[in-house]
Amino acid sequence: MRRLVRACFSGTGGYSYAKKADNVAREHGFDRVARLASNENPRPPSPAALEAAAIALREVNRYPDERTSVLVEALRRYHGDYRFVTGSGMDGVIETVIRTVVEPGETMVVSTPTFSFYGIAAAAHGARVVNAPRREDFSVDPAGFIDACRGAKLAFLCSPNNPTGNSIPPEDVETILEGMDGLLFLDNAYVDFADIDYRPLMRRYENLVLGRTMSKIFALAGLRVGYAFVPEWLEPFYQKAATPFALNSVSMAAAAGALADTERVRETRDHVREWRRRFLEEVPFRVYPSDANFVMIDVDPHTGDEAVARLAAKGVLVRSCTSFPGLGNHYIRVCIGEDWENIRFLEAIKNI
Ligand SMILES: *Cc1c(COP(=O)(O)O)cnc(C)c1O
């Protein structure tokens, strides 16, 4: 029956999960492994989020509010008066935006190397992907990006970028917004760890969407909550294209609780910034400066896969960047964890 599977899913590829290294760490006798492969928040969610989720759980016999008002109101309190759409993770928002504007067979632009899901979602939709390669230092060339965008309805840019960690200056985003005809989806999954604010651009451009997630600094990866700042014209069409009730009521309540706990967000940010600095100073390989909760490291003369295996044998899970198209095979991505995890990682990488 495999013949029934669409060509875009029948080969190898797809999203990479960090499972194999987990087994290696366990085989080496570690029952507590340092999980630095998936860019999560190592701390549990805010108590306010857990309480709100527990209360919402009592009413799951009912369908969730389709306007996700609890979350949208919490977002307005947190960010101010903008238009928001929500989804099941930012991944869900990405899929819905693609569905809203791109016809199957049409072109979508992705700035590479970057997060793999844009390409996976495009393939699932039957869209064609054009890659706009970043420069050698992984910065974005606005003129090159605009060229790649000719005739495309939708383009993806990630800032801070996964896996390279660098951000695109807001001025360059403006240049791109003015030069392109289509819609720009600026993925801001890690912007809470940076010192950059792209939100003011929402007031001035009609062709910008800012994607956000509750999975990273807000520590709710398991609940799958994403949202986006959208221009006013897009919102009703997004709602039409969206899967009904994609965001469940428990996740929504937890997200609203987490957004209210700004003290916890600040603590997480401070913790990440402190360790990011130490990784940059102490890792005996080239570490790329990062605005996110992870750093990319060039482990040459090792390959990324070798480094992952060796670190796993020392009880540390990190991500090999080999699967990121457009990147060499000698990079790893390491997320900032709790103190003991970071200390174990630094020890391990110094003796690799
Ligand atoms: C983690 C991540 C997301 C999506 O996260 P969700 O868990 O689906 O909200 C989106 N973009 C990038 C670049 C990410 O790293």
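Just so you know, these numbers use all the heavy atoms, side chains as well, and skip hydrogens, waters and symmetry mates. We count ligands from 1, going down the list as the structure has it; atoms in each ligand are counted the same way.
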Lys350 and Glu347 ion-paired at < 4.0 Å
no

Name the orientation class of the two ring planes belonging to Phe294 and Tyr190 (parallel below 30°, tilted from 30 to 60°, perpendicular beyond 60°).
perpendicular

Below a 4.0 angstrom heavy-atom separation, can you tell me which part of Phe117, side chain or backbone, both or neither, approaches ligand 1?
neither

Can you tell me how the ring of Phe84 sits relative to the ring of Tyr82, calling it parallel under 30°, perpendicular over 60° and tilted otherwise?
perpendicular

Is Asp91 touching ligand 1 with its side chain, its backbone, both, or neither, if touching means heavy atoms under 4.0 Å apart?
both

Can you list every side-chain hydrogen bond (donor to acceptor under 3.5 Å, both in side chains) pair that touches residues 136-148, not counting sequence neighbours?
Arg135-Ser139, Asp137-Ser139, Asp147-Arg150

Thr112-Asn131 side chain donor-acceptor pair, cut-off 3.5 Å
no

Measuring from the heavy atoms of Ala221, does anything fall under 4.0 Å of ligand 1?
no

Under 4.0 Å to a heavy atom of Cys158 - the qualifying atoms of ligand 1, by number:
13 (C)

Regarding ligand 1, does Met90 bring an N or O atom to under 3.5 Å of one of the ligand's N or O atoms?
yes

Asn39: heavy atom below 4.0 Å from ligand 1, yes or no?
no

Would you mind listing which atoms of ligand 1 come within a distance below 4.0 Å of any non-hydrogen atom of Ser215?
6 (P), 7 (O), 9 (O)

Against heavy atoms of Thr213, which atoms of ligand 1 measure under 4.0 Å?
5 (O), 6 (P), 7 (O), 9 (O)

Where does the angle between the aromatic ring planes of Tyr288 and Phe138 fall among parallel (under 30°), tilted (30 to 60°) and perpendicular (over 60°)?
perpendicular

Quick check on contacts: which atoms of ligand 1 are under 4.0 angstrom from a heavy atom of Gly89?
6 (P), 8 (O), 9 (O)

Atoms of ligand 1 under 4.0 Å from any heavy atom of Tyr190, numbered from 1 in the order shown, are 1 (C), 13 (C), 14 (C), 15 (O)

Who's closest to atom 12 (C) of ligand 1 heavy-atom-wise, of Asn162, Leu220, Asp187?
Asp187

Are Asp339 and Arg278 ion-paired here, with the side-chain N under 4.0 Å from a carboxylate O?
no

Heavy-atom distances under 4.0 Å decide this one: backbone, side chain, both or neither, for Met214 against ligand 1?
neither

What residues, two or more places apart in sequence or in another chain, satisfy side chain to side chain donor-acceptor pair (under 3.5 Å) together with Thr114?
Asn161

